[in-house]
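When a ligand or atom number is given, it counts from 1 through the structure's own listing order.
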Amino acid sequence: MNARITVAAHAKLNLVLAVGPLRPDGYHHLASVIQPVDLADDVTVEVGDGNAITVSAPGLEGGDTLATRAATKYLAAAGTRARVAVSIDKRIPVGAGLGGGSSDAAAVLRALDRLIGGVSQDVLTTIAADIGSDVPSLLHPCATVVRGRGEVVEPVESVMPERRFLLAWPGVSLATAAVYAAYEPRREVLPASAAIVECARNGTFYNDLAGTALALCGPMRASEQMMREAGLATLVAGSGSSVAAPVDDVDDIGALRARLEASGCVTWMCLAR
Ligand code: C5P
């Protein structure tokens with residue numbers, strides 16, 4: 001049998017990212033509101049008879065290890081063998097703080113769950129967390145609150161206001177591990193989930209990693225400054241290197257986008273809903 005589907009792997013923004021103390025396992029305690037946006041990779045997954053996993057992601061140096069791990073772990077959990085061919089049409093840059101690789105892995109899990117099935121939601125979440133801290137959240141098509149190191153996920157039920165964001169990626173990557181390693185935790189206690197959801201709803205976005213990420217990445221500092229000087233309220237995306245800002249009127253930011261692109265950034269207008 002051969003079956004094939006294409007699913008969208010959405011980029012995400014952490015509308016709130018509160019980082020607590022370092023844990024004994026080397027990860028940090030988090031409380032975050034993660035919001036998917038409509039910038040997405042297309043992930044096509046084909047399943048057939050056989051016993052081989054292939055992942056093709058043109059333009060991705062070294063292949064896509066997270067997607068390969070997702071397929072390997074899914075088949076093991078389902079207790080089955082299959083030929084799985086994944087092909088990823090990349091639009092989300094790597095190391096940009098937008099969760100692209102994690103979202104591709106989550107998309108592979110979602111696709112295999114539809115094509116093969118038989119793995120419980122709990123096991124799917126465990127596999128996702130094993131692949132990376134952002135992956136459990138990205139199994140969901142909606143905003144989520146995450147806690148733990150990212151594996152405790154709660155979908156945000158009530159509708160968040162629809163918002164447009166300008167995204168600017170300065171063309172360089174920033175390694176998540178390097179940003180966390182340089183970060184000096186300054187809160188012992190993380191905010192309650194209800195409090196951070198309220199911040200996300202009323203537009204009081206914040207990211208505890210912002211200062212550290214900006215200090216590590218000159219090109220991101222430059223784009224953040226340009227956006228701020230144009231009057232936007234900036235939000236570092238995840239651990240960087242992209243910067244986001246909510247925008248009310250797209251017509252107002254044409255000149256800013258042109259300046260950002262002239263300085264080497266790639267920009268997108270995204271819808272978060
Ligand atoms: O989970 P993931 O592999 O995406 O994390 C990459 C790195 O980011 C980890 O190795 C760790 O250094 C850091 N991290 C962290 N605390 C988290 C998530 C990630 O310190 N909650």
Side-chain angles (χ1 to χ4, degrees), residues 9-36 41 43 55 57 60-74 88 90 92-109 124-140 144-154 169 172-193 196 206-217 220 235-242:
H10 289 273
K12 57 84 183 164
L13 288 173
N14 298 76
L15 298 182
V16 175
L17 178 53
V19 180
L22 184 64
R23 310 179 345 167
D25 63 4
Y27 289 85
H28 291 76
H29 292 280
L30 302 181
S32 183
V33 179
I34 296 185
Q35 170 71 60
D41 297 339
V43 177
V55 177
L60 204 61
E61 267 173 52
D64 192 314
T65 49
L66 295 190
T68 307
R69 282 172 62 194
T72 308
K73 284 174 182 291
Y74 188 91
I88 305 176
K90 287 294 295 175
I92 310 168
V94 176
L98 298 170
S102 301
S103 196
D104 293 340
V108 169
L109 294 178
L124 208 58
T125 302
T126 305
I127 295 173
D130 231 25
I131 299 167
S133 303
D134 284 335
V135 184
S137 163
L138 293 166
L139 287 173
H140 297 267
T144 53
V145 174
V146 309
R147 306 191 73 92
R149 71 165 171 92
E151 81 285 13
V152 182
V153 179
E154 219 184 289
W169 174 59
V172 293
S173 298
L174 199 49
T176 303
V179 177
Y180 274 102
Y183 178 71
E184 289 190 18
R186 51 178 189 269
R187 26 169 130 229
E188 281 301 315
V189 180
L190 288 168
S193 298
I196 59 176
Y206 63 89
N207 179 348
D208 283 356
L209 296 178
T212 308
L214 287 165
L216 288 175
C217 186
M220 178 170 54
L235 173 70
V236 167
S239 55
S241 58
S242 301

Hey, are the side chains of [X] and [Y] touching, using non-hydrogen atoms and a 4.5 Å cut-off?
{"X": "Val152", "Y": "Val146", "value": "no"}
{"X": "Asp104", "Y": "Lys90", "value": "yes"}
{"X": "Tyr206", "Y": "Ile196", "value": "yes"}
{"X": "Cys217", "Y": "Val172", "value": "yes"}

Contact with ligand 1 for Gly26, non-hydrogen, under 4.0 angstrom: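 Yes, Gly26 has heavy atoms under 4.0 Å from ligand 1.
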Residue-ligand contact Asp134/ligand 1, heavy atom below 4.0 Å: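 Asp134: no contact with ligand 1 (<4.0 Å).
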Sidechain-backbone polar pair: Ser32 side chain, Val16 backbone, donor-acceptor under 3.5 Å: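 Yes, the answer is positive, given that a donor and an acceptor are paired below the 3.5 Å cut-off.
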Whether Asn207 side chain and Val236 backbone form a donor-acceptor pair below 3.5 Å: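 At least one qualifying donor-acceptor pair exists.
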Nearest protein heavy atom to [atom], by residue and atom, and its distance?
{"atom": "atom 6 (C) of ligand 1", "result": "Thr176 CG2, 4.1 Å"}
{"atom": "atom 13 (C) of ligand 1", "result": "Tyr180 CD1, 3.3 Å"}
{"atom": "atom 5 (O) of ligand 1", "result": "Tyr27 CE2, 4.0 Å"}

Heavy-atom nearest option to atom 2 (P) of ligand 1, drawn from Gly99, Ser102, Ser32, Ser133: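 Result: the heavy atom closest to atom 2 (P) of ligand 1 is in Ser133.
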For atom 12 (O) of ligand 1, the option (of Ala177, Gly238, Ala129) bearing the nearest heavy atom: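 Result: the heavy atom closest to atom 12 (O) of ligand 1 is in Ala177.
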N/O separation below 3.5 Å, Arg149 to ligand 1: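 There is such a contact, yes.
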Backbone or side-chain N or O of His28 under 3.5 Å from ligand 1 N or O: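 Between His28 and ligand 1, an N or O pair is found under 3.5 Å apart.
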Pairing of Arg186 and Asp208 as salt bridge, 4.0 angstrom limit: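 Answer for the salt bridge query: yes.
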Ligand 1 atoms in contact with Gly132 (distance to a heavy atom under 4.0 Å):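 Reading through ligand 1 atom by atom, the close ones are 1 (O).
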